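Structure, as structure tokens:
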Amino acid sequence: MSSNQPIGIFDSGIGGLTVANAIHKILPNEQLIYFGDTAHLPYGDKSPEAIRSYSLKIGRFLLDQNCKLIVIACNTASSHAYTKLVEAFADKVHIVNVIDPVVDFLADNKAFQKIGVIGTKSTINSGVYTNKLKIAAPAKEVSALATPLLAPMIEEGFYNNNISHTVIRSYLSSPELYSIDTLVLACTHYPLIQKEIDEYFNGKVTIINTAKIVAEHIKNTLVKLDLLNGGIPADHQFFVSDFTSSFENSTRLFFGEQIHLKLKNIWE
Ligand code: DGL
């Protein structure tokens, strides 16, 4: 394996771009290859079996692109497919999920005691955050709430407007989140509405930006593996399984005009 190989990143859609963007900011010399599975979006209401099968195909595709590390930039796929991807590919490529680095970060920090977690139905029903935090930090209180409308809403470009304000307010006023001091955005789409969430809580709740935590973890991992790219990276590449203009707009928003968006059918 060599340090100039790319980092592969995938999500159901634009959410993983928040992770890709955070990685690009702290590791500007790395080439990124992104796969947005827009044909199967949203993952949050799919069965664990379906999510595992999509993730395995995408993992294979990223491996074929010669990636040195694959980031499952989706909490839903991290909840259900991480173990399968490790079983299938860990002897060939390093695999990172977006949950473990966040759990470690929360466990290590005394300031976070009453933790709320919001995510897709599938992530929340899997109990992954509650279970992992129970082991890593048993003294902390954790309450989780499924917020299934948020990812499709964001994917359709509804954020920072009246519709998103109403939906966000309705979810965040749920009893599960009454007395929290910390809120984990356990869906990689949610950093796009972080400002609105922050405004709702009026700065009284710490919002955890998971993309940044995961990017730091990836940097440390590459340093440990001696795989940090020191040279000039090749251009990033962005693949989607179905073309949507909102994906293209969001990709341009994060990575500028010079993106190469390609339609890729990996399901046959
Ligand atoms: N961004 C994804 C996550 O982190 C999934 C959203 C969806 O496709 O439902 O869970």
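Everything numeric here is computed off the predicted structure, so don't read it as measured data. Counting starts at 1 for both ligands and their atoms, following the listed order.
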*Just go through N75, D45, L41 and tell me whose heavy atom is the nearest to atom 3 (C) of ligand 1.*
N75
Does ligand 1 have a heavy atom under 4.0 Å from the side chain of [X], from its backbone, from both, or from neither?
X: T188; value: both
X: P42; value: both
X: D11; value: side chain

Tell me: protein heavy atom nearest [atom], and distance?
atom: atom 7 (C) of ligand 1; result: Y43 N, 3.3 Å
atom: atom 1 (N) of ligand 1; result: H189 ND1, 2.7 Å
atom: atom 9 (O) of ligand 1; result: G44 N, 2.8 Å
atom: atom 10 (O) of ligand 1; result: T76 OG1, 2.6 Å

Search all heavy atoms of [X] against all heavy atoms of [Y] and return the closest pair with its distance.
X: G15; Y: E155; result: N-OE1, 4.4 Å
X: I72; Y: A77; result: CG2-CB, 3.6 Å
X: A211; Y: A22; result: O-CB, 3.6 Å

_Applying the side-chain hydrogen bond (donor to acceptor under 3.5 Å, both in side chains) criterion to Y43, which one of D37, T120, T76 satisfies it?_
D37
*Polar contact flag for T120 and ligand 1 (N/O pairs, less than 3.5 Å)*: no
*Short N or O distance, S12 and ligand 1, threshold 3.5 Å exclusive*: yes
_Ring centres under 6.0 Å, that's the criterion: do F255 and F238 meet it?_
yes
*Do we see a donor-acceptor contact under 3.5 Å between the side chains of H80 and S122?*
yes
*Scan side-chain atoms only and decide if S78 and N75 contain a donor-acceptor pair under the 3.5 Å cut-off.*
no
*Mind checking whether G119 has a heavy atom under 4.0 Å from ligand 1?*
no
_So that I can tick it off, tell me whether R52 and E49 are bridged by a salt bridge, with the cut-off set at under 4.0 angstrom between side-chain N and carboxylate O._
yes
